[in-house]
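Report on the following structure.
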Protein chains: 2
Amino acid sequence: MNYNRIYTGDSNKLLRDVSIFRSASVDLIVTSPPYGKKRKHAYGGVKPDRYVEWFLPISKELFRILKPKGSFILNIKEGATDCERETYVLELVLALKEQGWLWIEEFCWYKKNSFPGKWRHRFRDSWERCYHFARQSEFKMYQDAVKVPIGDWSTDRFRSMSHKDYIRNVSGTNSKMGRNVANWLNRRRVYPHNVLVFEQEHYERIPNIVRFPTACRNHNHSAVFPLELPTWFIKLFTKPSGIVLDPFVGVGTTAIAAALLNRRYLGIEIVSEYAQAARRRVREARALKDCHGV
Amino acid sequence: MNYNRIYTGDSNKLLRDVSIFRSASVDLIVTSPPYGKKRKHAYGGVKPDRYVEWFLPISKELFRILKPKGSFILNIKEGATDCERETYVLELVLALKEQGWLWIEEFCWYKKNSFPGKWRHRFRDSWERCYHFARQSEFKMYQDAVKVPIGDWSTDRFRSMSHKDYIRNVSGTNSKMGRNVANWLNRRRVYPHNVLVFEQEHYERIPNIVRFPTACRNHNHSAVFPLELPTWFIKLFTKPSGIVLDPFVGVGTTAIAAALLNRRYLGIEIVSEYAQAARRRVREARALKDCHGV
DNA sequence: CTGCACTATGAATCGCTAA
DNA sequence: GTTAGCGATTCATAGTGCA
């Protein structure tokens with residue numbers, strides 16, 4: 001079985017190939033499928049009212065391919081039409097549960113640099129959903145791998161709070177916690193929470209060529225989450241040499257994150273231009289990693 | 001008709017009293033109903049699988065009571081049971097749409113100062129949902145009332161007088177602005193987005209007695225949002241002397257926010273202890289306001 | 001190589017016009 | 001009637017170029 005490959009093709013067909021995508025073979029699936037758009041675009045125009053029925057055959061295969069203790073991270077956000085939010089994402093979550101997935105969590109990805117604009121009835125949309133699904137409740141989760149320095153997350157209040165105030169507040173909720181307050185305060189790194197804010201200064205700086213390859217710009221491919229997003233989930237749900245699948249890999253961000261973290265990757269992309277770009281970006285990322293030890 | 005009152009009673013019954021709650025009489029409903037809990041608590045233990053059917057009769061009355069151009073803000077967050085997120089919130093949104101509500105937006109309330117903690121399968125829950133529903137798409141929204149200071153990036157950027165945006169902005173407004181450029185730059189405000197982060201420094205400081213009355217701390221009251229949360233929505237969706245209803249008013253935070261903003265309020269609370277506390281807190285808040293002009 | 005000035009643009013939304 | 005396309009609106013970043 002081959003890993004570290006980007007396949008060109010339609011996930012809805014390719015994922016059914018059991019010789020390529022064996023059952024229970026993948027540790028983590030991270031993907032950001034094309035969102036539902038009322039109007040068709042060059043890339044991935046799935047109509048909102050058909051979204052769930054379009055996605056379910058794919059997620060059925062993903063369930064098969066994922067290891068029993070693996071995780072599935074789905075980055076998605078509904079849009080607005082005629083002043084109302086679309087409902088297909090809510091319906092998708094319910095449908096995925098019907099299909100057997102456990103809905104473990106919904107992370108909020110807070111995008112500070114959201115698209116500008118002003119409308120009469122709405123402000124700018126600055127967050128997206130990152131759903132965490134699993135096959136069973138005993139999934140693997142390496143929480144220590146994503147600890148953050150205290151102060152990075154908005155511990156402002158704790159910093160300004162006196163020690164006494166802090167103890168009092170904590171002990172008001174749970175006495176066991178109260179006892180451990182000193183530990184928390186003295187610890188250099190703490191566990192994060194379920195609101196994700198990716199600020200470059202807080203993470204390893206990745207060379208520009210990998211982040212925004214010139215050849216991939218100005219293509220109509222809109223969907224790039226920052227490298228930090230898959231990086232975070234890969235650290236949290238896999239160990240080195242683990243296998244990460246992205247069935248809508250686009251220009252390869254998930255694969256790059258996996259490669260840089262010494263994990264193995266599998267990607268599928270329907271637009272051959274993007275698939276090629278993804279392969280080249282991964283190659284460049286690996287080269288940079290080997291050279292400079294990124 | 002009496003305003004500025006906290007009623008003790010069950011919303012499911014009281015709201016049907018058309019002499020108290022007249023049709024199309026309220027500008028804004030802001031509430032944080034008891035969340036679904038697997039085990040019943042002293043206060044508001046509605047079981048997750050019965051949540052929607054419990055809420056719909058209430059929301060039906062709210063629809064009646066709300067003015068056609070009014071808004072309904074629902075603060076809620078599903079819990080987790082057996083490692084899985086409950087689905088009743090998703091189902092509630094779909095059911096409210098069935099009932100005639102328009103789902104305009106889902107704001108993310110990012111609670112930065114949630115306390116550290118660690119569970120096996122999840123991190124701390126640091127955000128809640130604030131759904132915005134309306135009766136029709138032509139609802140009232142006073143966006144200018146909630147503008148926020150522009151990001152720090154502007155300090156550097158606007159130092160240059162030749163910048164395109166700068167010229168465009170100055171010439172686009174009025175000449176008086178142009179004369180006092182430096183002052184205007186320092187005070188420039190922009191529209192917010194749909195992730196709400198309440199940091200005290202950005203808001204009027206409210207005396208502690210109103211914010212956290214001693215008598216109400218450590219009570220098992222489920223839903224206490226900070227004063228800033230209803231304040232923000234009241235500014236956004238009502239004008240002075242507008243009418244704000246909270247059918248689960250608890251210890252009165254929504255009513256206090258309304259009173260401090262010179263709006264009228266109506267509240268319902270089933271636990272008479274809390275209702276009394278709410279009345280006292282509102283009284284104290286009004287007194288403080290009259291004295292010090294908070 | 002750092003620092004600053006300046007440019008470009010991003011998973012957007014709504015209303016209007018034309019077909 | 002319905003749908004598709006276009007313009008106007010708006011702000012926080014990354015990236016580039018120059019001193």
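Please read all numbers here as calculations on a predicted model, not as lab measurements. Numbers restart at 1 for each chain; the letters A, B, ... are given by sequence-line order, proteins then strands.
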Worksheet item: Expressed in angstrom and rounded to an integer, what is the separation of A/D82 atom CG from C/dA12 atom C1'?
Response: 14 Å
Name every donor-acceptor pair, under 3.5 Å, that has one atom in a side chain of residues 134-142 of chain B and the other anywhere in the protein, sequence neighbours excluded.
{"from": "B/R135", "atom 1": "NH1", "to": "B/F63", "atom 2": "O", "distance (Å)": "2.9"}
{"from": "B/R135", "atom 1": "NH1", "to": "B/L66", "atom 2": "O", "distance (Å)": "2.7"}

Discussion item. Closest approach to the side chain of A/R85, judged atom by atom: which nucleotide of C/dT13, C/dA11, D/dA12 is it?
Written reply: C/dT13
Response to the item:
Note: contacts of residues 114-121 of chain A with DNA chain D (heavy atom, under 4.0 Å) are A/P116, A/G117, A/K118
Worksheet item: Picking from B/Y110, B/F123, B/W127, what satisfies ring-ring contact (aromatic ring centres under 6.0 Å, His included) with A/H193?
Response: B/Y110
Worksheet item: Which of the following nucleotides, D/dT13, C/dC14, C/dA11, is nearest to the side chain of A/Y35?
Response: C/dA11
Discussion item. When you measure from the side-chain N and O atoms of A/R122 to the phosphate of D/dT10, is any distance below 4.0 Å, counting only OP1 and OP2?
Written reply: no
Discussion item. Under a 3.5 Å threshold, yes or no: a donor from one side chain and an acceptor from the other, between A/Q99 and A/S59?
Written reply: yes
Residues 81-96 of chain A, side-chain donor-acceptor partners within the protein, below 3.5 Å, at least two apart:
{"from": "A/T81", "atom 1": "OG1", "to": "A/E86", "atom 2": "OE2", "distance (Å)": "2.5"}
{"from": "A/E84", "atom 1": "OE2", "to": "B/K97", "atom 2": "NZ", "distance (Å)": "2.8"}
{"from": "A/E84", "atom 1": "OE2", "to": "B/W103", "atom 2": "N", "distance (Å)": "2.9"}
{"from": "A/R85", "atom 1": "NE", "to": "B/E105", "atom 2": "OE1", "distance (Å)": "2.7"}
{"from": "A/R85", "atom 1": "NH1", "to": "A/E78", "atom 2": "O", "distance (Å)": "2.9"}
{"from": "A/R85", "atom 1": "NH2", "to": "A/D125", "atom 2": "OD2", "distance (Å)": "3.4"}
{"from": "A/R85", "atom 1": "NH2", "to": "B/E105", "atom 2": "OE1", "distance (Å)": "3.0"}
{"from": "A/R85", "atom 1": "NH2", "to": "B/E105", "atom 2": "OE2", "distance (Å)": "3.1"}
{"from": "A/T87", "atom 1": "OG1", "to": "A/E91", "atom 2": "OE2", "distance (Å)": "2.9"}
{"from": "A/Y88", "atom 1": "OH", "to": "A/G36", "atom 2": "N", "distance (Å)": "2.8"}

Worksheet item: Atom CG of B/N194 and atom P of D/dT10: how far apart are they, to the nearest Å?
Response: 17 Å
Response to the item:
Of A/E84 and A/N113, the one whose closest nucleotide on DNA chain C sits nearer the 5' end is A/N113
Worksheet item: On a whole-Å scale, what distance lies between the P atoms belonging to D/dT9 and C/dA11?
Response: 22 Å
Worksheet item: Could you give the CZ-to-C1' distance, from B/F139 to C/dC14, as a whole number of Å?
Response: 12 Å
Worksheet item: In chain order, what residues pass the side chain to side chain contact (heavy atoms under 4.5 Å, CB included) check against A/R16, with sequence neighbours excluded?
Response: A/N12, A/P57, A/E61
Fill in: side chain to side chain donor-acceptor pair (under 3.5 Å) against A/N113, all qualifying residues, sequence neighbours excluded
none
Worksheet item: Reading DNA chain C 5' to 3', what string of ( ), [ ], | and . shows its pairs, if Watson-Crick and G-U wobble pairs count only when both distances fall under 3.5 Å?
Response: .|||||||||.||||||||
Worksheet, complete the sentence: note: B/W103, atom CH2; C/dT13, atom C1'; distance rounded to Å ~ 16 Å
Worksheet item: Which part of the nucleic acid does B/P192 contact within heavy-atom distance under 4.0 Å: base, sugar-phosphate only, or nothing?
Response: nothing
Practice prompt. With sequence neighbours left out, write down each residue that passes side chain to side chain donor-acceptor pair (under 3.5 Å) with A/N75, or none if nothing qualifies.
Written response: A/S32, A/Y35, A/E128
Discussion item. Rounded to whole Å, how long is the line connecting atom CG of A/D125 with atom C1' of C/dG10?
Written reply: 13 Å
Response to the item:
Atom NZ of A/K111 and atom P of C/dA11 are separated, to the nearest Å, by 6 Å
Worksheet item: Between A/F225 (CZ) and C/dG10 (P), how many Å, whole number?
Response: 17 Å
Practice prompt. Quick one: list whatever passes ring-ring contact (aromatic ring centres under 6.0 Å, His included) with B/F107, sequence neighbours left out.
Written response: B/W232, B/F233
Worksheet item: With respect to the side chain of A/S32, which nucleotide from C/dA11, D/dA12, C/dT13 is positioned closest?
Response: C/dA11
Fill in: With sequence neighbours excluded, residues passing side chain to side chain contact (heavy atoms under 4.5 Å, CB included) with A/R286
A/N4, A/A259, A/Y265, A/V282
Worksheet, complete the sentence: Rounded to whole Å, the NE2-C1' distance (B/H193 to C/dA12) equals 14 Å
Item to complete: Verify the distance criterion only: is there a donor paired with an acceptor across the side chains of A/D246 and A/T31 at less than 3.5 Å?
Response: yes
Response to the item:
Checking D/dC11, C/dC14, C/dA11 against the side chain of A/R124 (C-beta onward), the nearest is D/dC11
